[in-house]
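Counting from 1, the numbers follow the sequence of the chain as shown.
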Amino acid sequence: MPKIIVTSRYIKPNAHKRFGNYIKYIATREGVEKPIPKQKVNRELDQELFMNYLDSRPNSHGLFSETDKTLVLDKVAKEVANHEGAIWTHIVSLKREDAERMGYIDLKHWRDLVRRHISDIASAQKIAPENIRWYAAFHNKESNPHVHIVVYSDDPHEGYLTSNGIEKIRSAFANDIYKDELQNLYQQQNAVRDKLRSEAENVMRNLLLELNNSHEPDPQLEQFVLKLQSQLRNSKGKKVYGYLQPNVKKTVDQIVAELAKNPVLKKMYDEWCSLEQQKYETYTSAVQKFPPLEENKVFKPIKNAVIRAVLEMDLSTEMFAEHGEDVLDETESDEDLYIKWTAEYKSACTELYKNRDIPKAFELFRAESEKGNVLALHDLGKIYLNGLSSEKNITKALQCFEKALQGFLALEPTAKRLRNYVQYRIGKMFALGYGTKQDYSKAFTWFEKSATAGNKFAQYSLGSLYYYGNGVSQSYEKAFEYYKLSADPDNAYACYETAKMLRDGIGVEKNTAQADVYFKKAYNSFQKIAAENPDDRILYRLGVMTFSGTGCDVDRELGIEYIKQSAELGNEYAQAFLENRDKYNQTAAQNAVVSMLLSFGRMISDDYNRSLHGQKLRTEHKLKAAIRRKKQALGLKENPLENPQFKTC
């Protein structure tokens, strides 16, 4: 049985000439609670005698309205009977135990409750607030305390009530009466969310390893992923779900349906449905039927996450480039933190990337970071994060990143030629969640400052934010604009992304010849970077391009050599590629699936974290908060510094 029952009745115009009798009935029937006139209160008068007096006095009634003035029952009854328009009646009823528990057992609480929600009734019945007229009476019945409400409009042509309007009235009263219990329910949701996040983090990590090491991926899911990849390559226009042809949408739906079979994610969705059902039970006893996940509009963004993952199957994407930055003058702060490409710092980079002497590189970075070199602090954090010196140490990585970010922020106001570079580095740390909570909006602000000053890496990063819709509304056209702006000075990453968009006709008209030009520029630039600063991601990117013949002639042997070097520096995708080199397409599909699963988990758990607006809680149809659309580069392992939880939502 629902906790609250709301019944509504419609009385046609000219069908209520005797409705004045109904007003008198609800105002005087047995059990009605009557207001005590202030002028009659006498503390010395026996309460029982006084109540008998109220019942026996002429025209005694329990009718109330928006005013505290005494209502004349005969006058009200005549007014209602002579009304030319329609009239509606509502009864709001509680079980006795609930009424006592929530404190709704006297006239004052019910009168205040009705007055608080007359505006909701007016809205639900499409009556202008200034036109609504209403009268009510509270009946303190033993089994179910309830209130009768009579409503109409001064304008006889105004007002109508649909089933949706009745639901809104019911929702308004339920969320007010049970607000404390609903808040407790949300606390339970938060507890479930945290538990699921913890479980999901471990499961996703294991799933990543299983998929990377598996020689027999789910053939059905793999087939759908590869099919969608082919369909998207031949699709024109925006590559988002709403713009796709029906046959392509069907493939996306099939992929989501397959993802929903994952045991952990199925458990998460079942838990979500259970909590939603508890909200419905506040005001209805009906068991809600929740659609399959692929049909649930709340989680529609997972479909676009699937599309993005498949679009990025060719190569894992570096969203924020960090190679080839110009070496400029030193800038110092008052706190002895500085930026300088010292001989020691350069030597550390050489030992790490060229000589592969990680212990020596670690000591050089550590010594330089102790002097206050922000660049060394940042790189030392990456060594800790990737576990290159020993086991991963997230705590130490976080400490290094936090101090590096503080240094960049302290240096930025007084920096001269380095200023746009420092702004870019700050933006990148916000974008990656290094030393701070990941915040794409702040990243966008810093990148925009730097890009305006001409920094090509910030321009590239802005392109990535626009491409994925992180911190800004998604715009493939803007993404292409910034990628190309960054690509013209031969930024390898920007050249590559520009080439892809030209090849696929995303954000720009398809142009295969121009795409080939930019792919070649990208490959040549990656080769130059690899010769000077060959970190694991550059080597992996160069290796896969060489292996697949993107921007160069196919050379699988050389491609594997690059990828081996990347794997030696701890790149997990390079390791996975080597283990699955004979199944290149399958490996890409597996990485795409991982990205989809991560997005799926985030969206479900994000929905648990929907914010409350004031104290007026909403039922399910009003609780749907905007799902945050977090994106990751394809297959990138979740960053432990972004808080070990799923959050996009």
Side-chain angles (χ1 to χ4, degrees), residues 4-37 54-94 104 106-141 144-163 165-170 172-173:
I4 186 172
I5 296 176
V6 176
T7 58
S8 301
R9 179 186 174 198
Y10 167 67
I11 311 298
K12 295 181 180 180
N14 301 319
H16 49 70
K17 295 304 181 183
R18 296 183 181 179
F19 203 72
N21 294 332
Y22 177 79
I23 291 292
K24 291 182 178 180
Y25 169 73
I26 65 172
T28 60
R29 67 168 294 186
E30 182 181 357
V32 69
E33 190 162 318
K34 302 174 183 179
I36 302 175
L54 288 178
D55 290 336
S56 62
R57 68 192 176 101
N59 213 21
S60 176
H61 64 83
L63 213 61
F64 64 87
S65 190
E66 73 274 0
T67 177
D68 288 331
K69 294 181 180 179
T70 302
L71 300 174
V72 179
L73 183 58
D74 289 338
K75 182 179 178 180
V76 172
K78 185 177 180 180
E79 172 192 321
V80 174
N82 292 333
H83 178 61
E84 296 181 357
I87 291 176
W88 292 266
T89 67
H90 307 287
I91 301 176
V92 181
S93 176
L94 298 177
Y104 287 93
D106 57 64
L107 174 61
K108 180 182 183 305
H109 282 85
W110 280 95
R111 181 172 56 198
D112 292 345
L113 176 70
V114 174
R115 288 175 176 175
R116 283 198 299 272
H117 295 292
I118 283 300
S119 61
D120 293 308
I121 294 176
S123 175
Q125 296 193 201
K126 310 301 179 185
I127 297 175
E130 64 272 14
N131 292 339
I132 192 167
R133 296 293 176 266
W134 63 277
Y135 299 98
F138 166 55
H139 296 169
N140 197 3
K141 193 174 179 181
N144 60 317
H146 60 273
V147 64
H148 292 258
I149 310 170
V150 177
V151 177
Y152 62 94
S153 172
D154 267 350
D155 182 351
H157 303 292
E158 184 180 47
Y160 63 92
L161 182 63
T162 63
S163 57
I166 295 173
E167 182 180 347
K168 289 181 178 179
I169 294 172
R170 183 185 300 119
F173 279 92

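- At least one donor-acceptor pair closer than 3.5 Å links the side chain of His61 to the backbone N or O of Leu71.
- Within the 4.5 Å cutoff, side-chain heavy atoms of Leu73 are placed close to those of Thr28.
- Contact check for Ile132 versus Val151: side-chain heavy atoms found under the 4.5 Å cut-off.
- With hydrogens and angles disregarded, a donor-acceptor distance shorter than 3.5 Å links the side chain of Arg115 to the backbone of Ser65.
- No donor-acceptor pair under 3.5 Å is formed between the side chain of Ser123 and the backbone N or O of Ser119.
- Between Arg9 and Trp88, the closest side-chain pair of non-hydrogen atoms is not below 4.5 Å.
- Qualifying side-chain hydrogen bond (donor to acceptor under 3.5 Å, both in side chains) partners for Tyr10, counting only residues two or more places apart in sequence or in other chains: none.
- Note on Asp155 versus Arg133: no salt bridge recorded, every NZ/NE/NH1/NH2 to OD/OE distance being 4.0 Å or above.
- In this structure, the side chains of Ile149 and Thr89 stay at 4.5 Å or more apart for every pair of heavy atoms.
- When each of Ile26, Val147, Asn144 is tested with His139 by the rule side chain to side chain contact (heavy atoms under 4.5 Å, CB included), just one qualifies, namely Ile26.
- Between Tyr135 and Glu66 the shortest side-chain heavy-atom distance does not fall below 4.5 Å.
- Glu30 CD: 12 or fewer foreign heavy atoms inside a 6.0 Å radius.
- Remark: the His157 side chain and the Glu84 side chain contain no N/O donor-acceptor pair separated by less than 3.5 Å.
- Counting only N and O atoms by type, the side chains of Ser8 and His90 include a donor and acceptor under 3.5 Å apart.
- Here Lys108 pairs with Asp112 in a salt bridge; the nearest charged N to carboxylate O distance falls below 4.0 Å.
- Listed for the Asn131 side chain is no donor-acceptor partner under 3.5 Å among the backbone atoms of Ile127.
- Classification of the Phe64-Trp134 ring pair by plane angle, with boundaries at 30° and 60°, yields perpendicular.
- The structure places CG of Leu63 at 12.0 Å from NZ of Lys34, a figure rounded to the nearest 0.5 Å.
- Two residues are said to be in side-chain contact when any heavy atoms from C-beta on lie closer than 4.5 Å; Ile91 and Val6 fail this criterion.
- Between atom CD1 of residue Ile118 and atom CD of residue Gln125 there is a gap of 9.0 Å, rounded to the nearest 0.5 Å.
- In plain terms, the two heavy atoms of Ala124 and Gly165 that are nearest each other are CB-O, 3.4 Å.
- Ring pair Phe138/Trp110 is parallel by interplanar angle, where below 30° counts as parallel and above 60° as perpendicular.
- Using a 4.0 Å cut-off between charged side-chain N and carboxylate O, Lys168 and Asp120 make no salt bridge.
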Exercise for the section: List the steps, then state whether side-chain contact (heavy atoms from CB on, under 4.5 Å) holds for Asp74 with Lys24. Expected result: CA-CA 8 Å; Asp74 289 338; Lys24 291 182 178 180; 3.3 Å; yes

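- The salt bridge (charged side-chain N to carboxylate O under 4.0 Å, His left out) test applied to Arg116 returns Asp176, not counting sequence neighbours.
- Looking at Glu158, its side chain does come within 3.5 Å of a backbone N or O of Ala128 through a donor-acceptor pair.
- In this structure, Ile169 and Phe173 have side chains that are in contact, with non-hydrogen atoms separated by less than 4.5 Å.
- Looking only at distances, no side-chain donor or acceptor of Ser153 sits under 3.5 Å from a matching main-chain atom of Pro156.
- Between His148 and His146, the ring-plane angle classifies as perpendicular under the 30° and 60° cut-offs.
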